[in-house]
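Here the structure is laid out as structure tokens; the discussion comes afterwards.
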Amino acid sequence: MEGMPHSAEDLLARRTPFQEALAAWYRREARVLPWRTAPSLYKTVVSEFMLQQTQVKTVLPYFARWHQALPDFGALAAAPEAVVLKLWEGLGYYSRARNLRRLAQVLVALPEIPRTTAGWLALPGVGPYTAAAVTSIGFGLPAACVDGNVVRILARLTADHREFRDSATAAKAFAPLAQQLVPARGAGDHNQAMMELGATVCVRQNPLCDRCPVFRFCAAGRAGKPEAYPRLATRPIEKQTVVRIWCESKGALLLHRAQAGARRLAGQHELPTAEQAGLVPAAIAQGPLLARKKRAITRFQIVESIHRAAPPRRLPPDLIWAPLGELDQLVLSGPHRRWIGEILRRPARD
DNA sequence: AACACGGGGTC
DNA sequence: GACCCAGTGTT
């Protein structure tokens, strides 16, 4: 608790009424979500993996499709990785999908499912957040979830003026306070209530303080400037340009397939960059422009231009000819699936 | 501790 | 356009 503002002690001194006010609000306002109705450990795990760095609204259709195709740990463990990636296509952070599949394989092979937070922490794809979420929601263990929502709420409740270099540092700093606020009973609902409050009321911009069940505990709210917290340093955005080629021949499209062990987009297909095709970007960029697209990845802003190019004489490594009729069966990155579809739907491509 | 990872939401 | 989001794994 070193370095924590004095208001953290005030909050802890009133932790029971705080917990009760939050719990009453959650019983009243909790959103109806598919992993909350008829909950199971499997639904909890799948939803928590999908919710890593992804908002509820985005996850909803993916969760439904996933649960239909792979209804339990056994089905997931037995599914080919390509099937799993296909179901994840468009969600991003694809290592989550591979980790989730590996986790299912480990759980199925284990004599029994771990029942401690530390036991879950040791499993693939499970970090401090997910270990706390799964064991508090699934087993009622009193472990605190510290996600972006919880950091924001705690920073506001205590009007913590410290500047954190990034969200991971902030999460670490608030973990002790978060842990002390977890009730001995009902930890799962408490954690979900905190995150729900952050997602729906204590939002980053224009928080709805007049609807906040714990406003009377909030130092930043009293001071009238909740939006000033938390203070997170911002890193400069880097701009990049990428030149890609559109090579269509005999009803097939040239695609690049990231190798299984690749750091990003492992096993997925995208239009090849000029470099991947062994071509000079500046020369390709002279050719006919089919599309210019922007995408943002972490702190990079990337402008990608897609140019028609002649097929390479020899097929460079990792490049494949994908029959147009079979594109649906390949795993593409979300944006590339859209861009390719757009270009293919154009009336006259020639 | 710093960094990479993908995409969508929001103001 | 900038920043954020139910973070984790690697270096």
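By convention in this document, chain letters (A, B, ...) are assigned in the order of the sequence lines, proteins followed by strands, and residues within each chain are numbered from 1.
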Over how many whole Å does the gap from A:I153 atom CD1 to C:dA6 atom P extend?
9 Å

I want to check something: taking the side chain as every heavy atom from C-beta on, are A:T116 and A:T135 in contact at a cut-off of under 4.5 Å?
no

What's the CG-P distance between A:D166 and C:dC3, to the nearest Å?
15 Å

Could you work out which one of C:dT8, B:dC5, C:dA6 sits closest to the side chain of A:D147?
C:dA6

Between A:W88 and A:Y62, is the gap from one ring center to the other below 6.0 Å?
no

Using a 4.0 Å heavy-atom cut-off, does A:R338 contact any base of the nucleic acid, only the sugar-phosphate backbone, or nothing at all?
sugar-phosphate

Please work out if A:R36 contacts a base, only the sugar-phosphate, or nothing of the nucleic acid, heavy-atom cut-off 4.0 Å.
base

Heavy atoms under 4.0 Å, any strand shown: does A:N99 hit a base, just sugar-phosphate, or nothing?
sugar-phosphate

What's A:G198 touching, base or sugar-phosphate or nothing? Going by heavy atoms closer than 4.0 Å.
nothing

Over all strands shown, is A:E48 touching base, sugar-phosphate only, or nothing at heavy-atom distances under 4.0 angstrom?
base

For A:L265, answer base if it contacts any base atom (sugar-phosphate contacts may also be present), sugar-phosphate if it contacts only those atoms, and nothing otherwise; contact means non-hydrogen atoms under 4.0 Å.
sugar-phosphate

P atoms of B:dC11 and C:dA6, separation to the nearest Å:
14 Å

Nearest-nucleotide pick for A:Q52, side chain only, options being C:dG9, C:dA6, C:dG7:
C:dG7

Mind checking if A:S167 touches a base, just sugar-phosphate, or nothing, with heavy atoms under 4.0 Å?
nothing

Whether A:F139 and A:W120 hold their rings parallel, tilted or perpendicular, with breakpoints at 30° and 60°
tilted

Interatomic distance, A:F174 CZ vs C:dA6 C1' [rounded to whole Å]:
18 Å

Checking B:dC3, B:dG9, B:dG6 against the side chain of A:Q53 (C-beta onward), the nearest is B:dG6

Is the closest basic N to carboxylate O distance between A:R156 and A:E227 below 4.0 Å?
no

Closest-nucleotide mapping onto DNA chain C: is A:L51 or A:V126 further toward the 5' terminus? I mean the 5' end.
A:L51

Considering only C:dT8, B:dG7, C:dA6, which nucleotide approaches the side chain of A:W35 most closely?
C:dA6

Mapping A:L121 and A:R31 onto DNA chain C by nearest heavy atom, which one lands closer to the 5' end?
A:R31

Of all the nucleotides listed (C:dA6, C:dG7, B:dG7), which has the minimum atom distance to the side chain of A:M195?
C:dA6

Using heavy atoms to find the nearest nucleotide of DNA chain B for A:N206 and A:A266 separately, return the residue whose nucleotide is more 5′.
A:A266

With rounding to the closest Å, how many angstrom separate the P atoms on B:dG6 and C:dC3?
22 Å

How many whole angstroms separate atom CH2 of A:W120 from atom P of C:dG7?
18 Å

Nearest-Å distance, CZ (A:F300) to P (B:dG8)?
19 Å

Rounded to whole angstrom units, what separation is found between the CE atom of A:M50 and the P atom of B:dC5?
22 Å

Let's see if you can work this out: which of B:dA2, C:dA2, C:dT8 has an atom nearest to the side-chain heavy atoms of A:R165?
B:dA2

Should the pair A:H67 and A:Y42 be assigned to parallel (<30°), tilted (30 to 60°) or perpendicular (>60°) ring geometry?
tilted

Write down the distance between CG (A:L123) and C1' (C:dT8), rounded to a whole number of angstrom.
13 Å

Taking the side chain of A:R96 as heavy atoms from C-beta outward, which of C:dA6, B:dC11, B:dG6 is closest to it?
B:dG6

Does A:Y93 have a side-chain nitrogen or oxygen under 4.0 Å from the phosphate oxygens OP1 or OP2 of C:dG9?
no

Determine the contact category for A:T130: base if any of its heavy atoms lies under 4.0 Å from a base atom, sugar-phosphate if only primed atoms, P, OP1 or OP2 are that close, otherwise nothing.
sugar-phosphate

Aromatic ring pairing A:W339/A:H336, orientation class (parallel under 30°, perpendicular over 60°, tilted between)
tilted

Length of the NZ-C1' vector between A:K293 and B:dG7, whole Å:
15 Å

Return whichever of A:A168 or A:G334 has its heavy-atom-nearest nucleotide of DNA chain B closer to the 5' end.
A:A168

Consider the side chain of A:K172, meaning its heavy atoms from C-beta on, and name the nucleotide among C:dA6, C:dG1, B:dA1 that approaches it most closely.
B:dA1

Look at A:K86 together with A:E81 and state whether they make a salt bridge at an N to O cut-off of under 4.0 Å.
no

Do the side-chain N or O atoms of A:R295 get closer than 4.0 angstrom to the phosphate oxygens (OP1, OP2) of B:dG7?
yes

Could you check which of B:dG9, C:dA6, B:dG6 has an atom nearest any side-chain atom of A:Q55?
B:dG9

